[in-house]
Trainee: 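Before we start, here is the structure in question, set down as structure tokens.
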There are 2 protein chains.
Amino acid sequence: MVTINDIANLSGVSRTTVSRVLNNSGYVSESAKRKVQEIIESTGYVPSEQAKSLRTKQTKVIGVILPKISTETASRVVDGIDKKLSEHGYHILLANANLNVEKEIEHLRLLQSRRVDGIILVATNIETQLIKTIQEMNVPVVALGQEVPGISSVVYDDYHAAYDVTSLLIEKGHKRIGFIGVSETDRAVGFERKRAFLDAMKAYNLDVYSAWIQEGVFDIHSGGQAMKTILEESPQSPTAIFAVTDRLAIGAMQVIKEKNIDIPKQISVVGIGASDLSKYVSPSLTTVDYYNEKAGIETANLMIEQLVKKEEKPKKLLMSYGLILRDSLS
Amino acid sequence: MVTINDIANLSGVSRTTVSRVLNNSGYVSESAKRKVQEIIESTGYVPSEQAKSLRTKQTKVIGVILPKISTETASRVVDGIDKKLSEHGYHILLANANLNVEKEIEHLRLLQSRRVDGIILVATNIETQLIKTIQEMNVPVVALGQEVPGISSVVYDDYHAAYDVTSLLIEKGHKRIGFIGVSETDRAVGFERKRAFLDAMKAYNLDVYSAWIQEGVFDIHSGGQAMKTILEESPQSPTAIFAVTDRLAIGAMQVIKEKNIDIPKQISVVGIGASDLSKYVSPSLTTVDYYNEKAGIETANLMIEQLVKKEEKPKKLLMSYGLILRDSLS
DNA sequence: GGAACATATGGAATCGATTACATGATCAGG
DNA sequence: CCTGATCATGTAATCGATTCCATATGTTCC
């Protein structure tokens with residue numbers, strides 16, 4: 001591999017001069033510049049960012065830790081992050097935590113060893129050990145999806161989104177409403193959305209039956225299982241189902257349709273996420289758009305602010321959301 | 001940031017010894033080892049891969065160039081790639097070409113400047129300039145999705161998949177078959193799948209009407225547009241539609257349903273891709289599973305072979321595929 | 001004509017690791 | 001007691017860039 005020294009020798013100048021040509025800095029005569037560029041061209045020399053980073057102390061790489069790569073949310077978010085970061089010449093180093101907290105911590109260390117300029121943590125469960133690790137590192141970290149104490153984060157407005165969805169159902173006249181959630185250890189999706197649901201029900205003085213409150217695990221199948229339980233374990237069926245994710249909602253819809261219960265005439269269903277799926281299932285699913293790509297962009301923005309403007313104080317950004325009314329609701 | 005020198009000073013040994021402890025190599029006394037480890041622990045020292053790579057000439061990073069990040073195919077593929085690469089201690093540096101050939105070339109250079117150990121190119125259109133650039137670089141490159149001359153590639157069996165799908169329709173008794181493709185500049189999706197369709201029609205002595213051959217651009221909407229043209233521009237409608245991607249097929253289905261034409265009684269629809277969507281639209285879509293994650297794994301495997309076993313000779317791997325029969329076909 | 005300044009270039013230290021080589025101690029075997 | 005392993009550690013070069021500082025040559029202005 002050809003190095004700056006080769007270029008220097010071949011052009012008959014010092015590597016200092018070559019460096020000047022490369023970075024367009026300092027004084028270089030036109031003739032020297034031409035000569036050097038000519039040699040660079042003919043040798044196909046590409047300077048090593050490696051070596052440069054070692055000296056300049058910045059890699060122009062941002063590590064992105066994802067809970068899982070192949071999800072719609074993740075890919076939208078990464079798309080947004082990349083859009084913004086690439087504008088500023090940053091690259092993304094990907095790390096897949098695979099829903100595993102230990103791996104998340106391991107990746108933090110790994111990214112640190114790669115001397116990334118910053119780390120974006122697309123978070124699920126926030127654990128004390130994780131927070132501790134983050135605080136020990138002196139690399140800017142920005143979280144997306146869950147609030148992490150002490151660092152900048154972009155969070156979805158889970159509480160209000162879920163509250164609005166529930167209110168919507170209630171205002172449409174529903175009184176018997178079922179709920180399909182996920183484990184409350186997931187603070188945003190599990191805990192907050194459930195809290196909002198319960199609060200809204202209470203605000204409207206509606207009863208909540210425990211048999212109608214079920215839990216799934218983020219996939220379509222478990223949404224169906226939860227729905228089965230709701231339908232089978234109680235004498236009376238709810239007239240509406242609020243599932244905390246689109247996939248859970250779609251699983252529920254499948255089961256409802258299998259039982260020849262009409263959606264939305266007999267049971268309305270709503271989800272959260274505005275997945276591609278939600279638009280094309282039938283009936284189309286009423287859901288909430290979380291603007292994931294925008295969230296990615298905003299997260300990258302916070303990162304850039306910390307890197308470029310040396311912003312120290314952690315910021316918290318609350319994303320807005322949009323209700324999408326479709327046919328699964330009446 | 002604490003360096004190996006700091007550790008050396010604090011532990012009262014040379015940095016050579018620290019390096020030995022770090023890499024578990026050479027001779028180090030138990031006492032020295034303990035001392036060094038203790039200091040490392042207490043300072044939270046993380047060695048710089050940066051500096052290490054500069055010396056050892058390998059970064060343990062693989063660049064992955066994607067035509068577009070937020071697609072189902074891309075995320076499945078990346079998932080597969082990451083699974084295999086992480087087993088071998090490699091990380092992924094992401095590059096988004098955004099369906100832009102110039103950006104693809106630009107990213108090749110950028111990745112080269114980062115001294116990645118290899119590059120995986122998830123390809124769409126192969127252009128001569130791109131091939132030239134690849135050949136000039138002395139970094140292992142593996143392509144996925146399209147065959148690139150001179151380098152290892154993993155390709156889907158577009159021809160046979162499309163031929164099988166067409167035969168399937170014909171054997172179900174369909175004679176009037178419409179086709180929704182994409183631009184033939186996309187060799188795999190555009191050219192090969194169309195060629196297979198035409199070949200199969202010919203083999204069964206079936207006529208192909210030009211009004212029934214339409215083109216879209218990879219999204220659901222354009223599938224619908226193509227379908228509208230097919231239905232409106234010809235006196236007689238086809239009894240089956242073969243769309244080269246699931247999204248095109250789903251767009252077509254939407255339009256067919258809007259016109260109150262029954263799927264599959266009046267028109268059957270098939271796609272390719274086995275997208276999540278295909279399973280949950282109604283009727284569910286008959287499609288072809290391309291095993292994207294597996295393809296990602298295999299691609300990573302080829303890369304590992306080149307890196308670890310120093311395999312020189314380019315290999316070509318043809319992926320298998322699986323027909324998924326669902327309700328959109330009769 | 002010399003001080004002050006702009007222009008052009010190179011020498012050498014530096015970033016944080018690895019590693020070839022040298023050196024010194026310890027110990028076993030003849 | 002000497003020889004040659006084996007063990008333990010350190011010195012210094014190296015990877016490929018950037019950058020501070022020194023030096024040399026013009027150029028300008030009083």
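Treat the numbers as computed from the prediction; the structure is a model and nothing was measured. Proteins come first, then strands; the chains are lettered A, B, ... in the order of their sequence lines, and each starts at number 1.
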Trainee: Rounded to whole angstrom units, what separation is found between the CG atom of A:L54 and the P atom of C:dA17?
Mentor: 9 Å

Trainee: Taking only side-chain N and O atoms of A:K52, does any of them lie within less than 4.0 angstrom of OP1 or OP2 on C:dC15?
Mentor: no

Trainee: Quiz question: by atom type and distance under 3.5 Å, do the side chains of A:T185 and A:S183 form a donor-acceptor pair?
Mentor: yes

Trainee: Rounded to the nearest Å, what distance is computed from the CE atom of residue B:M1 to the P atom of nucleotide C:dC15?
Mentor: 15 Å

Trainee: Would one find a side-chain N or O of B:K57 under 4.0 angstrom from OP1 or OP2 of D:dG16?
Mentor: yes

Trainee: Go through the steps to decide whether B:K52 and B:N23 satisfy the test side chain to side chain contact (heavy atoms under 4.5 Å, CB included), and finish with yes or no.
Mentor: CA-CA 11 Å; B:K52 180 173 179 173; B:N23 298 293; 3.8 Å; yes

Trainee: Check whether any side-chain heavy atom of B:V21 lies under 4.5 Å from a side-chain heavy atom of B:V28, and answer yes or no.
Mentor: yes

Trainee: Using only side-chain N and O atoms of B:N23, determine if any of them is under 4.0 Å from OP1 or OP2 of C:dT18.
Mentor: yes

Trainee: Rounded to the Å, how far apart are B:N24 CG and C:dT19 C1'?
Mentor: 16 Å

Trainee: Measure the distance from CD on A:Q50 to P on C:dG16 and round it to the nearest whole Å.
Mentor: 14 Å

Trainee: Tell me whether the count of non-hydrogen atoms from other residues, nucleotides or ligands lying under 6.0 Å of NZ in A:K294 goes above 12.
Mentor: no

Trainee: Using a cut-off of strictly less than 4.0 Å, decide whether A:S19 has a side-chain nitrogen or oxygen near OP1 or OP2 of D:dT18.
Mentor: yes

Trainee: Take the protein atom CG of B:D6 and the nucleotide atom P of C:dG16, then report the distance between them rounded to whole Å.
Mentor: 8 Å

Trainee: Can you see whether B:Y156 engages B:N292 through a side-chain donor-acceptor pair at a distance of less than 3.5 angstrom?
Mentor: yes

Trainee: Tell me: CZ of B:R114 to C1' of D:dG16, nearest whole Å?
Mentor: 15 Å

Trainee: Would you mind reading off the distance between B:E49 atom CD and C:dG16 atom P, rounded to a whole angstrom?
Mentor: 15 Å

Trainee: Sugar-phosphate atoms are those with a prime plus P, OP1 and OP2; base atoms are the rest. Using that split, label each nucleotide of nucleotides 7-13 of chain D B, S or - for protein heavy atoms under 4.0 Å, 5' to 3'.
Mentor: BBBBBBB

Trainee: List in chain and number order the residues that pass side chain to side chain contact (heavy atoms under 4.5 Å, CB included) with B:E72, two or more places apart in sequence or in another chain; answer none if no residue qualifies.
Mentor: B:R76, B:S275, B:D276

Trainee: Grab the CD1-C1' distance between B:I40 and C:dA17 for me, whole Å please.
Mentor: 13 Å

Trainee: Is the closest side-chain heavy-atom distance between B:V77 and B:L144 below 4.5 Å?
Mentor: yes

